[in-house]
Amino acid sequence: MSKALDELLTKLPQWLGQFTHCLTHPSQVLSEQLATPATPTADDKPAPHPVTDGAAFLILSFAVAAGVSIAFPVASMSSLEAVKADGPLAQSAGVLRDLFVLLGAAALVHGGSRLLGNRQGFAGFFRAVARFSGVTLVLMALVGALTNLGMADPTVARNWQELRQLTEAFAAPMETVLCKIDPKTGQLPPGTDLGAFKPEALLQAQALFQETMSRPMVLIAAGLQTLCLTALCLWLGWVWWRYLRICGLSPARALAASALGAAALGASYLLLSLIDGGQMNSQLMQRCS
């Protein structure tokens with residue numbers, strides 16, 4: 001373990017240089033990554049294989065993003081016991097999910113561009129995707145950490161803890177009520193006893209949530225997040241456009257490929273939402289039976 005950590009730390013300066021270069025000179029990085037693999041160096045050492053080099057950068061980027069997410073976790077409504085039990089593991093799993101989403105999205109849009117004349121080989125494509133996906137992972141983790149700015153307000157921190165406790169208290173009664181819903185109509189039978197699930201308490205929690213989210217520090221954090229995410233989306237859009245142009249697509253074909261990719265991403269997002277919804281319903285029905 002110590003040897004692996006030492007090796008990771010020795011590669012961090014090189015990774016930081018590649019990260020900065022990729023962020024500030026995306027067009028140049030694309031040209032380098034999509035080019036034919038370099039010839040052996042002067043000391044007769046073979047040049048790094050494109051796939052291996054890209055995978056190494058992506059793995060290190062994942063490690064950095066996971067470290068940021070664990071050190072500065074995004075504030076959530078998860079119960080206190082759940083956060084205490086598997087907080088670091090859950091944060092790492094969230095970064096891993098983001099990684100798979102990024103790679104899947106890249107594969108979809110690249111597939112759409114192939115239909116319109118893109119003939120870029122797998123090695124160069126993967127190497128470029130690994131670089132920009134790694135940078136995006138780290139940036140997303142840093143943007144998520146901005147939620148902690150709101151917690152600098154003692155009122156927000158206190159209210160958030162209270163809301164998490166209320167969420168934990170509502171979990172069991174809410175599940176009991178959901179189990180009584182008629183699956184055909186989606187409504188509760190008339191005269192259903194709500195038990196410990198009191199609508200008045202839910203309205204009180206909603207008012208507390210709205211009060212918390214309207215605090216100045218929370219609004220500042222939300223504004224910074226929105227600004228950073230907008231900049232990240234514009235940067236990724238520029239990277240995608242430059243990728244299509246470097247691959248030889250005309251502006252018209254690049255625009256068509258972008259529209260096709262956006263449609264594929266939208267359909268995939270809808271499919272994933274349906275899958276998540278189905279999984280949640282299945283788990284609920286299992287607990288109700």
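Panel note: side chain Arg242, backbone Ser31; no donor-acceptor pair is recorded below 3.5 Å. Although no hydrogens or angles enter the test, the distance criterion places a donor-acceptor pair under 3.5 Å between the side chain of Thr147 and the main chain of Gly144. No donor-acceptor pair under 3.5 Å is formed between the side chain of Asp153 and the backbone N or O of Gly150. A donor-acceptor contact shorter than 3.5 Å links the side chain of Gln225 to the backbone of Val143. Although no hydrogens or angles enter the test, the distance criterion places no donor-acceptor pair under 3.5 Å between the side chain of Ser282 and the main chain of Gly278. For Ser214 (side chain) and Glu211 (main-chain N/O), a donor-acceptor pair under 3.5 Å exists by modelled atom type. With hydrogens and angles ignored, the 3.5 Å screen pairs no side-chain donor or acceptor of Arg131 with any backbone N or O of Val135.
Closest of all the heavy-atom pairs between Leu249 and Ser113 is CD2-O, 4.4 Å. Across all non-hydrogen atoms, the minimal contact from Pro26 to Phe132 is O-CZ, 3.7 Å. Shown here for Trp15 and Ser61, the closest heavy-atom pair between the two residues is NE1-OG, 2.8 Å. Residues Trp241 and Pro251 share a closest heavy-atom pair of CH2-O, 3.6 Å. Minimum interatomic distance between Leu149 and Ala221 (heavy atoms only, all atoms of both residues): CB-CB, 3.9 Å. Nearest heavy-atom pair across Leu116 and Arg253 is O-NH1, 2.8 Å.
Residue Val138 is grouped with residue Leu16 when hydrophobic side chains (ILVMFWY) are merged at heavy-atom distances under 4.5 angstrom, including chains of intermediate members. Cluster annotation: Val101 and Phe62 are assigned to distinct hydrophobic clusters (Ile/Leu/Val/Met/Phe/Trp/Tyr, side-chain heavy-atom contacts under 4.5 Å, transitive). Both Val156 and Phe209 belong to a single network of hydrophobic side chains, linked directly or stepwise wherever heavy atoms of I, L, V, M, F, W or Y lie under 4.5 Å apart. Linking ILVMFWY residues whenever their side-chain heavy atoms come closer than 4.5 Å, directly or via other members, places Leu96 and Leu103 in the same cluster. The same ILVMFWY cluster, assembled from side-chain heavy atoms under 4.5 Å apart, contains both Leu236 and Leu30.
The CD atom of Glu162 lies 7.0 Å from the CD atom of Gln165; values are rounded to the nearest 0.5 Å. Remark: Leu229 CG to Leu146 CG distance equals 8.5 Å, nearest 0.5 Å. Here Asp276 contributes atom CG and Leu272 contributes atom CG; the two are 6.5 Å apart, rounded to the nearest 0.5 Å. Distance check: Asn159 CG to Leu163 CG gives 6.5 Å after rounding to the nearest 0.5 Å. Distance check: Arg215 CZ to Gln210 CD gives 15.0 Å after rounding to the nearest 0.5 Å. Atoms OG and CG, on Ser133 and Asp98 in that order, are 11.0 Å from each other to the nearest 0.5 Å.
With hydrogens and angles left out, the side-chain atoms of Trp240 and Ser258 include a donor and acceptor closer than 3.5 Å.
When each of Val129, Leu58, Leu137 is tested with Leu102 by the rule side chain to side chain contact (heavy atoms under 4.5 Å, CB included), just one qualifies, namely Leu137.
Residues Met151 and Met217 fail the side-chain proximity criterion, which asks for heavy atoms closer than 4.5 Å. Between Leu23 and Trp235 there is a side-chain heavy-atom pair separated by less than 4.5 Å. In this structure, the side chains of Leu12 and Val64 come closer than 4.5 Å at one or more pairs of heavy atoms. At a threshold of 4.5 Å between non-hydrogen side-chain atoms, the residues Phe19 and Leu139 count as touching.
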>> Is there a side-chain contact (heavy atoms from CB on, under 4.5 Å) between Arg127 and Phe57? Walk through the geometry before answering.
In response: CA-CA 9 Å; Arg127 191 174 181 179; Phe57 181 86; over 6 Å; no
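Using a 30° and 60° split on the angle between ring planes, Tyr243 and Phe125 fall in the tilted class, from 30° to 60°.
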